[in-house]
Amino acid sequence: MICQNEAPLKSHPVATGRHPSSRLFRKTTVAVPREFSFQECLKFLARSDKERTHAVHPECVRKLIKIDDEPILFELRNMRHGFLEITFLNRLVPASIRSPVIEFVNEWLDLDTNLSPFYRFARKNSLLKQLTTNHYGLRLIKIPDLFEALCWAILGQQINVAFAYTLKQRVVENFGESFVFESATYWRFPTPETIAELQPADLLNLQFNRQKVEYIIGLARLMRDGNVSKQRLLEMSTLENAREALLNIRGVGPWTASYVLMRCLGFRSAFPIEDIGLHNALQRQLNLPRKPSLEEIRNMSAGWGGWQAYVAIYLYRSLL
DNA sequence: ATCCAGGAGTCCG
DNA sequence: CGGACTCATGGA
């Protein structure tokens with residue numbers, strides 16, 4: 001019931017008002033690329049029932065974002081025939097908001113990437129062949145918010161993922177911004193400005209250890225003060241330069257840097273090779289008696305044709 | 001109970 | 001520079 005349309009709606013985009021400049025939209029559409037499966041993306045997004053920065057339902061996903069300092073709650077669903085439908089739930093929006101939302105969706109689900117070369121490449125490699133067959137159409141699902149991506153990686157260091165989601169849920173519900181719609185609450189990850197002002201005890205109470213508290217508050221201050229920004233990282237010409245900049249952040253080591261290069265900054269050749277979850281996934285996919293060594297993985301991944309980040313996402317997916 | 005978990009910083013030689 | 005130690009708690 002949550003995902004049903006409330007009222008009959010005209011074909012998209014639904015506009016009101018007489019003048020083009022004042023048109024308001026309730027819905028819009030996004031074209032999807034080849035090699036795309038909305039259900040595979042939903043499955044990935046639904047990994048944890050403790051995730052609060054989006055809400056997955058059987059046929060759709062809802063997310064709260066902010067555009068021009070305005071909260072925008074939208075719903076994404078499959079339309080078939082190569083389109084996704086975006087419904088603006090909390091208000092009608094002008095084109096000046098519709099465009100950035102479409103842009104956000106494109107980035108979130110990595111819709112601008114042509115996966116045909118990857119899928120052709122994968123046919124020649126038994127591991128990649130089985131991953132792309134089993135999870136056809138899965139995209140590199142991003143965490144577009146740099147602060148959220150870095151915090152999520154830091155939270156995930158050296159603890160099991162289930163507990164990491166518990167910690168993330170607590171941070172979001174204690175310090176994030178929320179919006180209530182139809183008696184459900186939707187959340188945004190807290191801003192650096194908010195976290196930068198916290199006392200260590202605020203996070204220790206949520207069962208963070210002292211290291212993570214120090215890392216996350218320090219990171220929040222760096223970002224609040226403009227010393228670290230997504231734009232600056234994206235302006236760096238190469239993966240190596242962005243990686244160096246990330247490694248300068250206290251609490252960000254090789255794994256976290258690669259993870260964020262992949263999940264937030266969209267570098268398709270980034271690969272968090274130290275990731276225990278990926279080691280387990282590789283062991284299972286390759287039927288190995290033990291986890292592969294770093295050197296074995298380095299050798300394998302060197303042959304993944306610049307699609308390492310996609311391989312990582314498909315490997316994570318294989319664990320669900 | 002015991003071991004592991006989608007690591008990173010520090011210290012030591 | 002490479003290796004050992006510490007952090008610190010939930011899940012299985």
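Throughout, a chain's letter reflects where its sequence line sits, starting with A, and its residues are numbered from 1. The basis for the numbers below is simple: all heavy atoms, side chains too, and nothing from hydrogens, waters or symmetry mates.
- In the interface, the side chain of A:N160 is not paired with the base of C:dG11 through any donor and acceptor atom under 3.5 Å apart.
- Of the candidate nucleotides C:dG11, C:dA8, B:dG7, C:dG11 has the atom nearest to the side chain of A:T166.
- Distance A:L203 CG to C:dA8 C1': 15 Å, rounded to the nearest Å.
- Between A:L278 and A:L247, it is A:L278 whose nearest contact on DNA chain B lies nearer the 5' terminus.
- The six-membered or imidazole ring of A:F44 lies away from that of A:Y316, with a centre-to-centre distance of 6.0 Å or more.
- Considering only side-chain N and O atoms, A:K291 lies nowhere under 4.0 angstrom from the phosphate OP1 or OP2 of B:dC4.
- The minimum heavy-atom distance between A:Y314 and A:H135, with the atom names listed, is CE2-O, 3.3 Å.
- Summarising the geometry, the separation between CG on A:L155 and P on C:dC7 is reported as 20 Å, rounded to the nearest angstrom.
- Remark: P of C:dT9 and CD of A:Q169 are 19 Å apart, rounded to the nearest angstrom.
- The side chain of A:W255 lies closest to B:dA8 when the candidates are C:dG10, B:dA8, C:dG11.
- Once rounded to the nearest 0.5 Å, the distance linking SG of A:C60 with CD of A:E75 reads 4.0 Å.
- Using a 30° and 60° split on the angle between ring planes, A:W108 and A:F104 fall in the tilted class, from 30° to 60°.
- Checking C:dA8, B:dA5, C:dG10 against every side-chain atom of A:R210, the shortest atom distance belongs to C:dA8.
- Residue A:R47 is the one, among A:R250 and A:R47, whose nearest nucleotide of DNA chain B lies closer to the 5' end (criterion: closest heavy atom).
- Among the heavy atoms of the strands lying under 4.0 Å from A:P254 are primed sugar atoms or P, OP1, OP2 only; no base atom is included.
- If you take OH of A:Y215 and P of B:dG7, they are 13 Å apart, rounded to a whole angstrom.
- Applying the 3.5 Å distance criterion, the base of B:dG7 shares a donor-acceptor pair with the side chain of A:Q211.
- A:T256 has a side-chain polar atom (N or O) that falls below the 4.0 Å cut-off from OP1 or OP2 of B:dA8.
- Using a 4.0 Å heavy-atom criterion, one finds that A:I159 contacts the bases of the nucleic acid, with or without backbone contacts as well.
- Atom C1' of nucleotide C:dT9 and atom OH of A:Y165 are separated by 19 Å, given to the nearest angstrom.
- Across the protein-nucleic acid pair, A:I216 atom CD1 and B:dG9 atom C1' stand 16 Å apart, rounded to whole Å.
- The aromatic ring centres of A:F147 and A:F189 sit less than 6.0 Å apart.
- Donor-acceptor pairing under 3.5 Å, judged by distance alone, is present between the side chain of A:Q158 and the base of B:dA5.
- Distance, A:F163 CZ to B:dG7 C1': 15 Å, rounded to whole Å.
- Atom-to-atom, CG of A:L246 to C1' of B:dA8 comes out at 15 Å; the value is rounded to the nearest Å.
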